[in-house]
Amino acid sequence: MDVPLLYEIVTIFLLSIFVTVTCNKIKLPATVGFLLTGVLCGPSLLGIVSDRDAIDHVAEIGVAMLLFTIGMELSGEALNRLKRPVFLGGSLQIGLTVLAVMGLALFGGYTYQQGIFMGCLVALSSSAVVLRIMQERGSTNTPTGRLSLAILVFQDIMVAPMLLCVPLLSGTLDLSLKDALFSTLWVVLALGGVLLFARFGLDRLMEAVVRTRTREILLLTTLGLCLGMALLTNTLGLSLSLGAFMAGLLLARSEYSMSVISGILPYRDVFMSLFFISVGMMLNVDFFGQHFFSIIGLTALFIVVKSLLTLPAVLVQGYPLRAAIITSLSLAQVGEFGFVLAASGLSAGLFDMEAYQNFLDVSVLTMMLTPGLMLIAPRLADMLAGQQSASAQAVQESDEGESHLKDHLIIVGFGISGKHLAHVAKESGIEYTILEMNPETVSRYRHKEPIAHGDASQPVVLEHLGVTRARVLVIVISDPSAVRAITIEARRFNPNLHIIARTRFVTEVAALRQLGADEVIAEEFETSIEIFTRVLTQYLVPRQDIDTFAARIRQENYRMIRRMSTPEDSLSSTINRLPDMGVQAVRLGAASPLCGQSLAQSELRRRHAVTVIAILREGITHASPGADDVFEPGDVVYLFGKTDKIIAITPLFSGPVRASAKSKDSGKEQLQPAR
């Protein structure tokens, strides 16, 4: 049996393995490897693929699946935050780009119809390339990641109107008012039916599927919903990816959302690989060689112009210059739907063949350059933004006395972790201030929290927050490059500041400690501890034993990382070779057997290898208590020793605490940690 398409796909996959492995050796991302594979397979070189249209159709499924998984990852709150960037940022980006390119086209002797068409081509960016790279780097949930996603979603929405504009601009469209009204009514009815199904039928369907406990049925249902919605929007004249994105958003609301996303990921990756390969096939090597310098010049001009035109769409929303630069460079490529639009323009007479080939070559080059542009974007943004960036000048305080704080806590990032930390700090009587880069979040919490808007990587912003007088800085944002920049600047301002940073991966801990962070919490590592804690709990292992296990694993892991990140001849390396010691505060409960005992009678040092260095009672700290000092209920006891030893004896201090003035004032005075 002859299956030509299967033969071509197998050949393409085998060639892509060789190319991507080679790219990996020279530190190039897999995306570039797939694009190069497409160039090799294309008709201008090896000519392996004879039916490129079939490959293109299969590749479109990969883009749809990518947008489906992106939609699945968005929570209701995240989607609500995206409304303003989608419509304000997206409309400004497309509007400014179309107007500017039309002006340049008129200056170059083209008609205004051709100018509008070229503006539409330039305005579109590649959801497939940008979101794929962001997912690989874990930056989808950063401010720049959310901004890029919002603008890309709006561009997908505008694909259908742009395609409709092609025959309008060429004068070949003959559409009656009746046909227009009928088409609009059909779209409204179809989308209304989808919303009704999502509201009343989706959860019931998913519950019935999950109850079968059959993985195959769950996978088929997921693929059916994803591709079915994509097919529906395509029938309505919209893009496949927009329908898949909507399907992802609908399923994200379901309580069974996490059950479906894992099954579709392998299929998404396979089809996405085909998409990048199909894009690479469009590059005409002969034409590229004949017009090498003009194509390189056009590519550079395209990236610069599009980046500059995207900047205002981000800045107008209140984001700092640094975020605007990173977002603009991330979107400085031609979109996958630009190829469809260009083909329509060629057949409608808005394009000649030479211009079409120039566009294809520039498109492929911009996609190939995107991983590199996104890699250097943070550094370039730091250079261009400088100390006098817009965010530094526009820091807004919600409390007039905020700049006079002393010994306070600075929280950078007001997501879930930041909100929990602020709540606990407020309950504990700790003064704090918050810095957040999302202007909508700042506006929402302005009258509830001491929150300001700005970019903490800018030195003037940290000065404004009183970093030189603060005791602790906690960085809980998702942008790895911003975390590094903030750590460097904060350590430079205040050598005694205790810096706690959050990161996603254990591999980033050593680098952040080298830059000056005192403690780095790796989500990957802490998640593993939480998992084994839950497992041991199910096996009824005593809680004290579980806490001891967790403390010992934390000690061993972070001590190893500290040794990796500290020079052998430094004082810190000498300290790191000692057992992990620390000071922790424990409140004495009324039911504790220690109540009424003296320090000597408790024998804490002899029996448990911990030392009492201070007792906080009635708001007064009693340092170096004597052997005859007696423990009283409500005391806050400061213990010095190995972390696992302290955690092991914590239950000895437990018990209900009597409400008194002692506990109310206990947070007002803190023991200063040794430096």
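Closest approach of Leu462 to Ala490, counting heavy atoms only: CD1-N, 3.7 Å. Contact record, Met437 with Ala323: CE-CB, 3.8 Å, taken as the closest heavy-atom pair. For the pair Ile477 and Ala482, the tightest heavy-atom approach, listed with the atom from each and the gap, is CD1-CB, 3.8 Å. Heavy atoms only, all atoms of each residue included: Val334 and Phe302 are closest at CG2-CZ, 3.4 Å. Nearest heavy atoms, Ile486 versus Ser457: CG1-N, 3.6 Å. The two residues Leu309 and Ala100 come nearest to each other via the heavy atoms CD2-CB, 3.6 Å.
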* Given Val586 and Val636, is the side-chain contact (heavy atoms from CB on, under 4.5 Å) satisfied, shown in steps? -> CA-CA 6 Å; Val586 183; Val636 177; over 6 Å; no
* Start with the C-alpha gap between Lys306 and Thr366, add the side-chain angles, then the distance that decides, and say whether side-chain hydrogen bond (donor to acceptor under 3.5 Å, both in side chains) holds. => CA-CA 11 Å; Lys306 187 165 185 180; Thr366 56; over 6 Å; no
* To do: Take Leu88 and Gln317 through the side-chain contact (heavy atoms from CB on, under 4.5 Å) test and state the conclusion after the steps.
  => CA-CA 8 Å; Leu88 178 59; Gln317 300 179 64; 3.9 Å; yes
* To do: Show the numbers, then the answer: is there a salt bridge (charged side-chain N to carboxylate O under 4.0 Å, His left out) between Lys426 and Glu449?
  => CA-CA 10 Å; Lys426 185 184 295 183; Glu449 297 283 357; 3.5 Å; yes
* To do: Apply side-chain contact (heavy atoms from CB on, under 4.5 Å) to Ile475 and Ile499, showing your working.
  => CA-CA 8 Å; Ile475 309 170; Ile499 302 175; 4.1 Å; yes
* Asked: Can Thr441 and Arg446 be said to form a side-chain hydrogen bond (donor to acceptor under 3.5 Å, both in side chains), step by step?
  -> CA-CA 8 Å; Thr441 302; Arg446 183 180 304 282; over 6 Å; no
* Start with the C-alpha distance between Val316 and Leu92, add both sets of side-chain angles, then the distance that settles side-chain contact (heavy atoms from CB on, under 4.5 Å), and finish with yes or no. => CA-CA 9 Å; Val316 76; Leu92 273 176; 3.2 Å; yes
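In this structure, Lys448 forms a cation-pi arrangement with Tyr445, its terminal cationic atom sitting closer than 6.0 Å to the ring centre and no more than 45° off the ring axis.
Between Leu149 and Leu131 there is a side-chain heavy-atom pair separated by less than 4.5 Å. Counting heavy atoms from C-beta on, the side chains of Glu523 and Arg502 come closer than 4.5 Å. When side chains are defined from C-beta on, Ile410 does not count as touching Val472, because their heavy atoms never get closer than 4.5 Å. In this structure the side chain of Leu315 never reaches within 4.5 angstrom of the side chain of Tyr319, judged on heavy atoms. Side chains of Leu639 and Ile613 form no contact here, defined as non-hydrogen atoms less than 4.5 Å apart. Contact annotation: the side chain of Leu497 approaches that of Val467 to within less than 4.5 Å [non-hydrogen atoms, C-beta and beyond]. In this structure, Thr20 and Phe34 have side chains that are in contact, with non-hydrogen atoms separated by less than 4.5 Å. Side-chain contact check for Val442 versus Arg444: every heavy-atom pair is 4.5 Å or farther apart.
For the pair Lys406 and Glu431, the salt-bridge criterion is not met [side-chain N within less than 4.0 Å of a carboxylate O]. A salt bridge links Arg534 and Glu530; the closest N-O separation between the charged side-chain nitrogens and carboxylate oxygens is under 4.0 Å.
With hydrogens and angles left out, the side-chain atoms of Gln333 and Ser126 include no donor and acceptor closer than 3.5 Å. Ser481 and Arg322 form a side-chain donor-acceptor contact under 3.5 Å, judged by distance and modelled atom types alone.
Listed for the Asp407 side chain is no donor-acceptor partner under 3.5 Å among the backbone atoms of Arg471. Remark: the backbone N or O of Leu331 is paired with a side-chain donor or acceptor of Ser125 at under 3.5 angstrom. Ser428 places no side-chain N or O within donor-acceptor distance of the main-chain N or O of Ala425, the cut-off being under 3.5 Å. Gln584 places no side-chain N or O within donor-acceptor distance of the main-chain N or O of Ile646, the cut-off being under 3.5 Å. No donor-acceptor pair under 3.5 Å is formed between the side chain of Glu508 and the backbone N or O of Thr503. Although no hydrogens or angles enter the test, the distance criterion places no donor-acceptor pair under 3.5 Å between the side chain of Glu519 and the main chain of Ala501.
Summarising the geometry, atom CE belonging to Met374 is positioned 13.0 Å from atom CG belonging to Leu369; distances are rounded to the nearest 0.5 Å. For the atom pair CG (Leu473) and CD1 (Ile500), the distance works out to 8.5 Å, reported to the nearest 0.5 Å. Rounding to the nearest 0.5 Å gives a distance of 13.0 Å between NZ of Lys645 and OG1 of Thr650. We find the CG-CG distance between Leu380 and Leu373 to be 9.0 Å, quoted to the nearest 0.5 Å. Residue Leu409 holds its CG atom at 9.0 Å from OG1 of Thr433, rounded to the nearest 0.5 Å. For the atom pair Leu465 CG and Ile411 CD1, the distance stands at 11.5 Å (nearest 0.5 Å).
Among residues two or more places apart in sequence or in another chain, the salt bridge (Lys or Arg N to Asp or Glu O under 4.0 Å) test is passed with Arg491 by Asp518.
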